[in-house]
S.K.: 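I'd like to ask some things about the structure below.
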Amino acid sequence: ITVNGVGITAAPGALYVNTANNNVTYSGPITIASDARFRVVNVATRMNFSNTVLGNDVALWCTAGNAGVDTATAINFLNTFSIGTGTVTKDGQGIVAFNSLNNTCGSVIINGGTVQANGLLNGGPVTVNATGALGGSGTNAGPVSVLTGGSIAPGRAGIGTLTLASTLALDPAAITVMEINRTNAQTADLLVAAAIPLNGTLTVVNIGPALQLGDTFDLFTGTLSGSF
């Protein structure tokens with residue numbers, strides 16, 4: 001499939017899925033020839049790309065979910081994703097997941113919902129705005145800035161480890177969300193970075209049985225500074 005001429009602001013989008021619980025997989029390669037928008041809305045709807053998605057310095061706007069009830073809606077890139085120096089913009093309350101070890105773009109802007117780095121996301125600077133979140137159980141290569149009302153939340157559908165290969169900046173009104181489960185093999189979400197400047201609010205969510213006296217959880221690996 002070649003996507004060309006729709007533009008990032010056009011609705012419903014160059015590729016569009018809108019039926020509750022629909023699970024659509026594009027098995028052939030996708031070429032993005034000009035700025036484009038992929039859009040998947042409605043409850044528990046999936047748009048999956050099992051083959052490559054490639055473009056040459058083009059922008060891609062990904063809308064996953066358009067309301068609070070669409071948090072399980074997802075766009076999953078399962079193979080090589082590369083749009084050169086172009087920007088990926090994410091909105092909607094669902095998930096955009098980069099699951100391979102070859103994901104490249106110029107920058108990432110998260111305006112709502114979650115972007116998951118489950119493999120290696122080499123996407124340049126990542127900006128997390130209000131109602132957006134950066135998560136996943138892989139590695140994010142570029143610098144991360146979490147602004148007012150934005151979140152960083154390691155893990156994918158449960159507890160996991162998110163590694164940041166570059167810098168992290170947390171706004172005083174940013175949110176760090178960590179899940180814990182004392183009976184899980186990995187008992188807590190883990191954020192790994194060379195330097196972790198604590199700021200904003202830390203929210204810890206117990207997704208397992210009741211805590212017991214003496215329970216401890218490791219949430220961060222790296223040189224810590226600042227405070228929540």
S.K.: Tell me the ring pair (Phe, Tyr, Trp, His ring centres under 6.0 Å) pairs involving residues 101-122, sequence neighbours left out?
M.R.: none
S.K.: Report the residues that fulfil side chain to side chain contact (heavy atoms under 4.5 Å, CB included) with Ser227, sequence neighbours left out, ordered by chain and then residue number.
M.R.: none
S.K.: Show me the pairs that pass ring pair (Phe, Tyr, Trp, His ring centres under 6.0 Å) and involve residues 99-124, at least two apart or across chains.
M.R.: none
S.K.: Write out all pairs satisfying side chain to side chain donor-acceptor pair (under 3.5 Å) with one or both partners inside residues 184-200, taking only residues at least two apart or from two chains.
M.R.: Thr161-Gln186
S.K.: Show me the pairs that pass ring pair (Phe, Tyr, Trp, His ring centres under 6.0 Å) and involve residues 90-121, at least two apart or across chains.
M.R.: Phe77-Phe98, Phe81-Phe98
S.K.: Sequence neighbours excluded, which residues qualify as side chain to side chain donor-acceptor pair (under 3.5 Å) partners of Thr25?
M.R.: Asn48
S.K.: Which residues pass the side chain to side chain donor-acceptor pair (under 3.5 Å) test with Thr85, sequence neighbours left out?
M.R.: Asp57
S.K.: Identify every side-chain donor-acceptor pair in residues 100-117 under 3.5 Å, counting partners at least two apart or on other chains, and give the distances.
M.R.:
residue	atom	partner	partner atom	Å
Ser100	OG	Asn79	O	3.1
Ser100	OG	Asn102	N	3.1
Ser100	OG	Asn102	O	3.4
Ser100	OG	Asn103	ND2	3.4
Asn103	ND2	Ser100	O	2.8
Asn103	ND2	Leu120	O	3.0
Ser107	OG	Thr87	OG1	2.8
Asn111	OD1	Asn129	ND2	2.8
Gln116	OE1	Asn118	ND2	3.0

S.K.: Just grab all the ring pair (Phe, Tyr, Trp, His ring centres under 6.0 Å) pairs involving residues 158-196, residues at least two apart or on different chains.
M.R.: none
S.K.: How would you list, by chain and number, every residue that makes a side chain to side chain contact (heavy atoms under 4.5 Å, CB included) with Ser145, sequence neighbours excluded?
M.R.: Leu147, Ala169
S.K.: With a cut-off of 3.5 Å and sequence neighbours excluded, list every side-chain donor-acceptor pair involving residues 203-210.
M.R.:
residue	atom	partner	partner atom	Å
Asn206	OD1	Gly208	N	3.1
Asn206	ND2	Pro209	O	3.0

S.K.: Under the salt bridge (charged side-chain N to carboxylate O under 4.0 Å, His left out) rule, collect the residues that match up with Asp215, sequence neighbours excluded.
M.R.: Arg182
